[in-house]
Amino acid sequence: MTPPGALDPRRWPLAVRVPLIVAMLVAGVALATGQAVLSRLARDQERHLSELASAFLDGLATAVQPAAARADIWEAFDALDRARARYGALRPMLFAVLLPDGTVLASAEPRSIPSGTRLAAALAAQADAAAAAGRPVLDADAATAVLARDLAEGDVPLGRIVAQADIGPLLAERRAVVRTLVLANGAFALVFAAAGVLLVRHLLAPADLVRRRLTEAARSGRPVPVDETVGIGPEHAALLAAWNRAAAASAEREAMAARLAKEERHAQVGRLAAAMAHEVNNPLGGLITAVDTLSDHGDDPAVRAEALGLLRRGLGDIRNVVRAGLVTWRGAPGTAALAAQDFEDLRLLIRHEVARRGLSLDWQNELPGKVAVDRTLARQVALNLLLNAAAASPPQGTLRFRASELDGGGAVVEVTDAGPGLPSAVEALLDARDGPPPEDGGLGLWTAVRLARSLGGRIARLPSDTGTRLVAELPAAPAPMEAVHAL
């Protein structure tokens with residue numbers, strides 16, 4: 001089936017349209033030339049026929065005029081017989097001598113046109129026209145020419161000579177010329193069209209090469225240089241040179257962009273390492289001092305309490321720095337799927353904090369088997385929520401944890417504290433997509449929200465009778481997990 005628009009000449013390639021236009025122009029020129037040739041041939045034939053007819057009528061008039069003046073039938077017959085043999089080149093079919101009243105005096109075909117009769121109406125009308133025009137009247141359908149000459153002696157009319165000649169050979173010559181012109185012009189048009197196709201394709205080869213390279217560059221994003229030697233003339237050379245310069249500039253730009261990206265990654269890693277080292281180094285000196293104090297004066301309760309407080313604050317500062325670094329730039333997550341045991345490990349990690357704050361722990365780990373969730377990030381989300389909830393709960397309060405499988409695959413982590421509720425500034429972190437870590441609290445929630453978002457999930461607040469109830473939905477990964485920038 002022909003596709004829509006395939007027959008529209010505007011959609012045809014130039015290699016086809018240009019030769020067709022050339023062929024049509026050649027055919028048009030050939031048609032005009034053929035018409036001119038045929039017109040000239042017809043005029044020449046009619047002129048030669050008219051000259052021959054004039055000579056024939058002049059001779060015949062001289063021979064039959066005396067017989068017409070005396071109305072001598074036999075003398076007229078004799079003159080007509082002599083004329084038939086003398087003017088065979090004219091190919092006369094019939095000729096007759098008419099009296100002034102239009103009746104036939106004598107004819108070369110007495111059986112078909114006997115003396116005393118009149119000519120057929122059509123022949124008589126053609127004879128009148130020929131006598132008036134002074135030249136033959138042609139009938140292409142009958143392939144005949146009618147000649148006529150009036151006879152007179154002074155002002156006295158003597159009659160008329162009428163002849164009918166066969167012009168079939170003249171018309172056959174015209175038809176032969178027409179056939180020759182049609183065949184020759186058609187052959188020339190086909191030859192020129194074929195030559196035009198080859199020539200135009202050759203001329204358009206460089207432009208078509210650039211077109212193919214543009215299509216390939218649109219698919220791959222990398223322009224490929226072309227061979228400049230395929231160009232024809234200065235225009236193609238300039239086009240191919242411009243394309244090669246553009247391809248070289250694009251390749252150079254890509255190489256420079258890759259180099260700058262690599263340098264930027266190195267610079268970011270360097271800045272991150274320097275910042276981490278600076279931030280960790282500050283509390284680390286105090287921690288070493290506190291350890292030395294405990295080693296020397298650990299028996300003194302006041303000194304021990306002060307040193308432990310310094311250790312706790314220093315470790316908290318280091319924890320906050322590590323959390324911020326994890327969210328800003330983290331390495332590749334673990335490839336192992338999340339299992340129920342991963343959350344059981346968190347129960348041991350949080351036990352000391354819960355006991356120190358005098359809280360009770362309601363733990364429900366309903367995660368069945370393994371789910372396709374990054375275990376490292378899921379543990380970080382749950383741990384941050386647990387630590388935030390423990391910090392917000394008053395002594396003797398209850399900290400609730402529940403883990404289950406998400407509908408459609410994944411995990412749901414639900415943490416409920418017994419605190420007074422989330423401040424509005426901290427609750428706004430649940431919907432904030434960008435921004436630096438908060439300076440007035442909420443770093444753990446800020447970290448958990450961004451880690452959950454990097455897993456394609458979210459953290460939402462649900463209604464609760466007491467405290468704050470936060471639910472983290474962590475959907476299953478659709479493909480093998482890769483390192484992802486948390487922001």
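All residue numbers in this chain count up from 1 along the given sequence. Because the structure is a prediction, the values reported are computed rather than measured. We use all heavy atoms of the structure for the numbers below, so side chains are in, but hydrogens, waters and symmetry mates are not.
At a threshold of 4.5 Å between non-hydrogen side-chain atoms, the residues V449 and L445 count as touching. Annotation: side chain of V97 is not in contact with side chain of V104 (no heavy-atom distance under 4.5 Å). Taking the side chain as every heavy atom from C-beta outward, V412 and E405 never approach each other to under 4.5 Å. For the pair F343 and L338, the minimum side-chain heavy-atom distance is below 4.5 Å. Between V415 and V471 the shortest side-chain heavy-atom distance does not fall below 4.5 Å. V426 places none of its side-chain heavy atoms less than 4.5 Å from the side chain of W446. Side-chain atoms of L98 and L151, non-hydrogen and from C-beta on, never get closer than 4.5 Å to each other.
Under the rule for a salt bridge (charged side-chain N to carboxylate O under 4.0 Å, His left out), D72 has no partner lying at least two apart in sequence or in another chain. For R135, the salt bridge (charged side-chain N to carboxylate O under 4.0 Å, His left out) test picks out no residue, with sequence neighbours left out. Under the rule for a side chain to side chain contact (heavy atoms under 4.5 Å, CB included), the partners of P110 that lie at least two apart in sequence or sit in another chain are F77, S107. Remark: E414 pairs with R469 by the side-chain hydrogen bond (donor to acceptor under 3.5 Å, both in side chains) rule, at least two apart or across chains. With sequence neighbours excluded, no residue forms a side-chain hydrogen bond (donor to acceptor under 3.5 Å, both in side chains) with D139. Looking at residues two or more places apart in sequence or on another chain, you find a salt bridge (charged side-chain N to carboxylate O under 4.0 Å, His left out) between E427 and R461. The salt bridge (charged side-chain N to carboxylate O under 4.0 Å, His left out) test applied to E366 returns R402, not counting sequence neighbours. With sequence neighbours excluded, the residues that form a side chain to side chain contact (heavy atoms under 4.5 Å, CB included) with R149 are S54, L57, D58. In this view, T103 and D101 satisfy the side-chain hydrogen bond (donor to acceptor under 3.5 Å, both in side chains) rule, not counting sequence neighbours. Scanning for side chain to side chain contact (heavy atoms under 4.5 Å, CB included) contacts around A122 gives an empty result, with sequence neighbours left out. A search for side-chain hydrogen bond (donor to acceptor under 3.5 Å, both in side chains) contacts involving R118 returns nothing, not counting sequence neighbours.
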### Query
So V162 and L119, side-chain contact (heavy atoms from CB on, under 4.5 Å) or not? Walk me through it.
CA-CA 10 Å; V162 177; L119 296 177; 4.0 Å; yes

### Task
Start with the C-alpha distance between L138 and I167, add both sets of side-chain angles, then the distance that settles side-chain contact (heavy atoms from CB on, under 4.5 Å), and finish with yes or no.
CA-CA 8 Å; L138 306 183; I167 61 172; 4.1 Å; yes

### Query
Going through the checks in order, is the side-chain contact (heavy atoms from CB on, under 4.5 Å) test met by F401 and V413?
CA-CA 8 Å; F401 174 87; V413 177; 3.6 Å; yes

### Task
For T416 and L470, run side-chain contact (heavy atoms from CB on, under 4.5 Å): C-alpha distance rounded to whole Å, both residues' side-chain angles, the deciding distance at 0.1 Å, then the answer.
CA-CA 6 Å; T416 305; L470 297 178; over 6 Å; no

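Distance check: Q341 CD to L346 CG gives 10.0 Å after rounding to the nearest 0.5 Å. Note that the CG atom of L147 and the CD atom of Q126 stand 11.0 Å from one another [nearest 0.5 Å]. For the atom pair CG (L474) and CG (L377), the distance works out to 9.0 Å, reported to the nearest 0.5 Å. Between atom CG of residue D374 and atom OG of residue S454 there is a gap of 7.5 Å, rounded to the nearest 0.5 Å.
Nearest heavy atoms, G168 versus D166: N-OD1, 2.9 Å. Nearest heavy atoms, Q65 versus A152: NE2-O, 2.9 Å. Nearest heavy-atom pair, S115 versus L105, reported as atom, atom and distance to 0.1 Å: OG-O, 2.9 Å. Nearest approach of A339 to K370, heavy atoms of both residues: CB-CG, 3.8 Å. The minimum heavy-atom distance linking V373 with P475 is given by the pair CG2-O, 3.7 Å. Counting all heavy atoms, side chain and backbone alike, A337 lies closest to D342 at O-OD2, 3.9 Å.
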May I have the list of side-chain donor-acceptor pairs in residues 34-42 shorter than 3.5 Å, sequence neighbours left out?
from	atom 1	to	atom 2	distance (Å)
S39	OG	Q35	O	2.8
R40	NE	D44	OD1	3.4

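Using a distance-only test at 3.5 Å, with no hydrogens or angles considered, a donor-acceptor pair links the side chain of N384 to the main chain of Q380.
Under a 4.0 Å N-O distance rule, the pair D128/R160 qualifies as a salt bridge.
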